[in-house]
Amino acid sequence: MRKIELSKRLKSFPPYLFAEIDRQKEILKKKKIDFVDVSIGDPDVPAPQAVIEALYRAAKLKDNQKYALDQGKALFRKSIQRWFKKRFSVSLDENKHILPLIGSKEGLIHFPLAFVNSSDYIIVPSPAYPGYKSAARFVSARIYELPLLEKNSFLPELSKIPQRVKNKAKLIYLNYPNNPTTAVAPLSFLKEAVSFCSKYGIILAYDNAYSEIYFSQKPHSILEVKGAEEIAIEFHSLSKTFCMTGFRVGWACGNSDLIRALLKVKSNIDSGLFGAIQEAAALALDRQEKYVVGLRKIIKERRDLFVAGLKNIGFKNIHSDSTFYVWMRIPKGFKSSIDYSKYLISEKNIVATPGLGFGKYAEGFIRFALTVDKKKLAEVLKKLNG
Ligand SMILES: Cc1ncc(COP(=O)(O)O)c(C=O)c1O
């Protein structure tokens, strides 16, 4: 039989970086060795009970058992509109500016299909959520890795992007609160980003998945910035805010042409978001403000305990300003983040994420997720100190 070849597109995806870590995890499991997994950004806290009940009720309705209309339910879009107005003082038209998504990843990755050709650049921060690079590879775009350096508080220097890239860039992804560096962007940077994109005619895709997971500096929406309505689309998620990762629900909002184009892509790919999930998500946005306050408190307590513990042990360059991650420079003596993470698994029975998985400028760092309870985090500290 003729060999079935992968497409050039799929071949351009790098080998699965975490395969070796997964293999080592399997070895620990087989040997029945107890290990702590702080590698995954999937919260251990249950979703709000009222949301689960709303989902159950709504699933029984006949209307929700049919294909969902492509732009989503008006009820959900109106909840998003109210939530956005209250949270960011930004007024959105629920018919023109809002599009429900099957999780924000789905929208972030499908978005370039609407605008980007293979000769175009997509500017991707480094480190960054790996989805942006995948999105660029799916449309065979050229990728420019924009460094987010520790010495610049993990904000990019837009003025240093080469002219050839600026001229051929169609899209830039930015993400604050940032995974994995945990940096929060001040409004002054968001203004700079909007004027940069306006000047060069670059679409700004702003990933705000962690907008509610902060400790002191309250994150902004890019849509608060004057001029952003011309060039920006912002992505939100209920995954982190309400611990609803498995529900797969989020939304895109912003410029009406960008929203319409994403809807055109999506209506050729999916058939909408389960109506019952939209109803449950609407209830979360309308009535679960207290839940989010409680979640922030839980994450902050974990963060305070874990960061203080790391400092006591003697680790340096520890960052945890938002999200539920701790981003830390690997100790001296280790060749790479992969090396250090292998050492943590085999010698300390701790699974953490090596920086390299987030881009070349992430080398030399490791990410811990605060998605286990304080007892487990204390255990990690004890192992690290042992
Ligand atoms: C920065 C960032 N954006 C987007 C996502 C995707 O979230 P979801 O598809 O669950 O909404 C994640 C998930 O970890 C993330 O870290």
Side-chain angles (χ1 to χ4, degrees), residues 17-18 37-45 47 51 72 76 80 83 98-112 122 124-136 138 146 148 154-156 171-185 204-214 219-222 233-253 262 266 269-270 273-274 277-278 280-281 284-285 292 295 299 319-327 352-353 355 357-359 362 365 367-371:
L17 181 81
F18 301 113
D37 191 347
V38 278
S39 65
I40 299 167
D42 197 349
D44 59 324
V45 177
V51 171
F76 181 33
I80 294 169
W83 184 88
I98 296 173
L99 179 61
L101 299 171
I102 310 170
S104 65
K105 180 180 188 180
E106 179 263 303
L108 284 160
I109 295 184
H110 283 144
F111 184 64
I122 297 185
V124 173
S126 176
Y129 175 59
Y132 315 142
K133 263 196 189 166
S134 307
F138 276 130
L146 177 65
L148 307 185
F154 302 110
L155 295 173
L171 172 66
I172 182 169
Y173 284 103
L174 289 175
N175 160 235
Y176 294 96
N178 185 261
N179 172 20
T181 71
T182 82
V184 180
L204 173 44
Y206 194 77
D207 180 355
N208 217 342
Y210 294 89
S211 69
E212 304 316 299
I213 316 296
Y214 59 87
H220 294 281
S221 160
I222 197 76
I233 183 166
E234 180 161 293
F235 293 85
H236 281 264
S237 172
L238 279 84
S239 292
K240 320 290 171 170
T241 310
F242 301 103
C243 301
M244 288 166 62
T245 45
F247 285 61
R248 307 314 301 136
V249 53
W251 74 87
C253 55
L262 179 55
K266 277 176 59 58
I269 291 177
D270 64 64
L273 173 58
F274 182 28
I277 290 180
Q278 296 191 54
L285 291 175
V292 187
L295 178 66
I299 305 295
H319 304 275
S320 192
D321 293 332
S322 68
T323 70
F324 26 66
Y325 304 113
V326 173
W327 184 241
T353 311
F358 301 100
F365 284 87
R367 191 191 77 175
F368 299 102
L370 300 165
T371 47

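For ligands, and for the atoms within them, numbers begin at 1 and follow the listed sequence.
When all heavy atoms of Met244 and Ala281 are compared, the pair lying nearest together is CE-CA, 4.4 Å. When all heavy atoms of Leu146 and Ile172 are compared, the closest pair comes out as CD2-CD1, 4.1 Å. The nearest pair of heavy atoms linking Ile299 to Thr323 is CG2-O, 3.9 Å.
Centroid-to-centroid, the aromatic rings of Tyr210 and Phe324 come within less than 6.0 Å.
For ligand 1, the atoms sitting less than 4.0 Å from at least one non-hydrogen atom of Leu108 are 4 (C), numbered in the order shown with element in parentheses. Each of the following atoms of ligand 1 lies closer than 4.0 Å to a heavy atom of Ser239: 8 (P), 10 (O), 11 (O). Numbered from 1 in the order shown, with element, the atoms of ligand 1 that lie under 4.0 Å from a heavy atom of Gly103 read 9 (O), 11 (O). Taking every heavy atom of Tyr210 and a limit of under 4.0 angstrom, the matching atoms of ligand 1 come to 1 (C), 2 (C), 14 (O), 15 (C), 16 (O). Remark: ligand 1 atoms within the under-4.0 Å shell around heavy atoms of Asn175 are 1 (C). Near Arg248, with a cut-off below 4.0 Å to any heavy atom, the atoms of ligand 1 are 8 (P), 9 (O), 10 (O).
The part of Ala209 lying near ligand 1 is the side chain, judged by heavy-atom distances below 4.0 Å.
Across Leu238, Thr245, Asp207, heavy-atom proximity to atom 2 (C) of ligand 1 is greatest for Asp207.
In terms of protein heavy-atom proximity, atom 14 (O) of ligand 1 is closest to Lys240 NZ, 2.8 Å. Protein heavy atom at the shortest distance from atom 7 (O) of ligand 1 is Ser104 OG, 3.3 Å. Scanning the protein for heavy atoms near atom 5 (C) of ligand 1, the closest one is Tyr129 CZ, 3.6 Å.
Taken from CG in Leu238 to OG1 in Thr245, the straight-line distance is 11.0 Å, to the nearest 0.5 Å. One distance of note links CZ of Phe235 with CD1 of Ile222; it measures 13.0 Å at 0.5 Å rounding.
The N/O atoms of Glu106, backbone and side chain alike, include none that comes under 3.5 Å of an N/O atom in ligand 1.
Under the 30°/60° scheme for interplanar angles, the aromatic rings of Tyr173 and Tyr132 are found to lie parallel. Using bins of under 30°, 30° to 60° and over 60° for the plane-to-plane angle, the ring pair Phe365/Phe154 lands in the perpendicular bin.
For Phe235, the heavy-atom gap to ligand 1 stays at 4.0 angstrom or more.
Annotation: salt bridge (charged side-chain N to carboxylate O under 4.0 Å, His left out) contacts of Asp42 (sequence neighbours excluded): none.
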